[in-house]
Amino acid sequence: MNSMLLRPLPSAGASGGRGSPGRGRVVGSAVSFGGRGRWRRGVAAGAGAEASWMEEAGVAVLEEGVRRNPAVSDSYRPPGMPRPNATVLEAQARVCTGPEQTRPLGEEQAMRVLDTILRSGMGELKDEPVSSAQLGAFFAGMTIRANSFPEATQWSEGERRAMSLFWPRLVNVLPPEVKFIADPEGTIMGANGLTGPRYVGQSTAEMRLVSALREVLAGGHLGYEEVQGVLKDVLPVELASANSTMVNEALLAAFLIGQRMNRETDRELKGYCLAFDDELGPTPVADVKSLTHYGEPYDGNTRFFRSTLFVAAVRACYGEACLLHGVEWMPPKGGITEGQMLKFMGANTHLSTLQAKTLLEDENTGFAYLGLQEACPPLYSIIGLREHIKKRPPLATSEKVQQFVRARGRESMVAGFYHVGYEDPLLMLMRRRTVHAGLVVKGEEGALSMTTKERSAHASKGLPVNHCSGFRIPNSTDFSETDGISREGFSVIVNAQELGFESTETPRTDRSVLKNLELGLAALSGEKGPAYDRIVLNAAMVDHLLGCTGAEDIKSALDRAREAIDSGKALSRLMNYIKISHKVS
């Protein structure tokens, strides 16, 4: 793959030695560290500010933090949300995926799964019942495999034998909507599959969903308007009992996982991406010269250092405003997110889009974080359902390309990806947003963080980590005059060693929010090491690849990022954000 950077990559000086951050301790929800003098001075300065803003914000943040033990990402799972049945969830991981990725169940596992569903339907599993969403997802997976998958991933002989044994009993305990999903046209279960052809649903919204679901269960695809219509009809789910749009969760789960199994088309993805753009009224417009929308995977990191929050603080120092968005916790990974880190430090993570606009414009911050709960309540409402369908739905792609705030100046988008086949759809969605530049990154864990680690000769097949591709307006074009079409494409594999970085192992965080913050804050205090290098690399490469002003030369971009850290400006902006986020109106 040829490099298409704006200029040839010179060899920049290495960022420094291998310092390691001091160990941290938790004091309320603030973090203090030992370690080197500069780090202690930086945190000491910040600690006074923390004490002040914590007094102004009240003790509620501290009490909530202690109650939920926010040092580990798992603790941010919404309390009281029912957990899925583990036996059926394990089977869903195998059968509710793509035509090549599906792994048919053996007879023993199929028997165990169907027996669990039967006993749950008979009311015998009070402590761990199989949910409606699980039933919808599991049987949707089985139906799509039977109807449209290649022979290798259709039902195994063991699955056929298990189903022939259990279905005559299951048909007596399963609700009508699940029997419809299991055999929508009466062609799979024989004489015991007569419910499907006659099933139409209950409410008007449910009838529309059932009609679309028939096409999905047959392996087919829907149009842009059809997808949008279904989503607007059925979401948000928490309001279902109060109005006429109530739909059964089995049907919605089958729809979401079915579309992903069929490999959603560009039209379908656009439907998911744009369905709720007008949910909260006109989009606020921030008075900033440049704004980058960051689309990290919402389900977070479970293994490696997540750098984007700290990168945003760095880029804000030289006028590149950054809008982060996400949730505190999202399945299937349930890893570390920007929302968790900001909440741990005591920031207000429940801002409106207008408040985020204000923070983007504030010369003391220059970046903002929006939670999905405030930015798009309909999509936030199905977090629980997404845990019960196990695999990622189409929304896991489209939610990374949201535009909750616009800018008067230049706009760019950055999104992370992992699986082959989603690079081009993400760029298509970015173009649909009419931004001036777009970038997709295969970072570590499918997130945005590029690594300084040298690629192993035995690396896995597929696109390598640090693969980037995107589009931008040519340097000769005035972005204020662009027609939204005149953009140049590029593709590059970023080699950190060519840029002068030492090859280092990525710091492990293993779901520890505290450890991720410890690494990031130490780096922003100027402590050199792997975390520092990754923040510098990711800030500078995003600037360079998006064609940002002042980053045409990669060495200048790297030097600018280092200066933002070494001067203390980046750490100051992060501490300012924690304070100002509670005051913004």
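- Rounded to the nearest 0.5 angstrom, L448 CG and M541 CE are separated by 13.5 Å.
- Within the structure, side-chain hydrogen bond (donor to acceptor under 3.5 Å, both in side chains) contacts touching residues 330-339 (residues at least two apart or in different chains) are R306-E338, K333-E445.
- Residues Y532 and E527 have side chains not in contact (no heavy-atom distance under 4.5 Å, counting atoms from C-beta outward).
- Between the side chains of T504 and R534, at least one donor N or O lies within less than 3.5 Å of an accepting N or O.
- Judged purely by atom type and a 3.5 angstrom limit, E387 has no side-chain atom pairing as donor or acceptor with the backbone of I383.
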Run the side-chain hydrogen bond (donor to acceptor under 3.5 Å, both in side chains) check on R410 and S412 step by step: do they pass? CA-CA 7 Å; R410 188 179 193 273; S412 305; 3.0 Å; yes
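- Contact check on K555 versus D553 returns no salt bridge, with no Lys/Arg side-chain nitrogen under 4.0 Å from an Asp/Glu carboxylate oxygen.
- Side-chain atoms of T397 and R260 include a donor-acceptor pair closer than 3.5 Å.
- Under the 3.5 Å distance criterion, with hydrogens and angles disregarded, a donor-acceptor pair is assigned to the side chains of E411 and H293.
- A donor-acceptor contact under 3.5 angstrom links the side chains of E423 and S469, judged on distance only.
- In this structure, R573 has no side chain to side chain donor-acceptor pair (under 3.5 Å) partners at least two apart in sequence or on a different chain.
- Each of K400, R392, R386 was scored for a salt bridge (charged side-chain N to carboxylate O under 4.0 Å, His left out) with D299, with one residue passing: R392.
- For A321, the side chain to side chain contact (heavy atoms under 4.5 Å, CB included) partners are V288, L291, L360, not counting sequence neighbours.
- Of the possible donor and acceptor atoms, none in the side chain of E320 sits under 3.5 Å from a partner among the backbone N and O of V542.
- Screening residues 313-333 for ring-ring contact (aromatic ring centres under 6.0 Å, His included), with sequence neighbours left out, gives Y298-H325, H325-F404.
- Contact of the K270 side chain with the L429 side chain is registered, since non-hydrogen atoms from C-beta on lie closer than 4.5 Å.
- Ring-centre distance between F367 and Y577: below the 6.0 Å cut-off.
- Two residues are said to be in side-chain contact when any heavy atoms from C-beta on lie closer than 4.5 Å; L370 and V405 meet this criterion.
- Residues V494 and L499 form a side-chain contact, since some pair of their non-hydrogen atoms from C-beta on lies under 4.5 Å apart.
- Taking all atoms of both residues into account, the shortest heavy-atom contact from F501 to V536 is CZ-CG1, 4.0 Å.
- Atom CZ of R432 has 12 or fewer neighbouring heavy atoms from other residues, nucleotides or ligands inside a 6.0 Å radius.
- With sequence neighbours excluded, no residue satisfies ring pair (Phe, Tyr, Trp, His ring centres under 6.0 Å) with F417.
- Taking the salt bridge (Lys or Arg N to Asp or Glu O under 4.0 Å) definition, one finds that E374 meets it with nothing, sequence neighbours left out.
- The side chain to side chain contact (heavy atoms under 4.5 Å, CB included) with F305 is formed by just one residue from the set T451, I535, I336; it is I535.
- Ion pairing between a basic and an acidic side chain is recognised when a charged N comes within 4.0 Å of a carboxylate O; D510 and K515 show no such pairing.
- R562 has its side chain within reach of D559: a pair of non-hydrogen atoms, C-beta onward, lies under 4.5 Å apart.
- Between the CG atom in L537 and the NE2 atom in H544 there is a gap of 11.5 Å [rounded to 0.5 Å].
- Side-chain contact between N516 and N301: absent, with no pair of heavy atoms (C-beta onward) separated by less than 4.5 Å.
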S449 and E444: CA distance, side-chain angles, deciding distance, side-chain hydrogen bond (donor to acceptor under 3.5 Å, both in side chains) verdict: CA-CA 6 Å; S449 293; E444 292 181 305; over 6 Å; no
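- A distance of 11.0 Å separates CG of L323 from OH of Y294, quoted to the nearest 0.5 Å.
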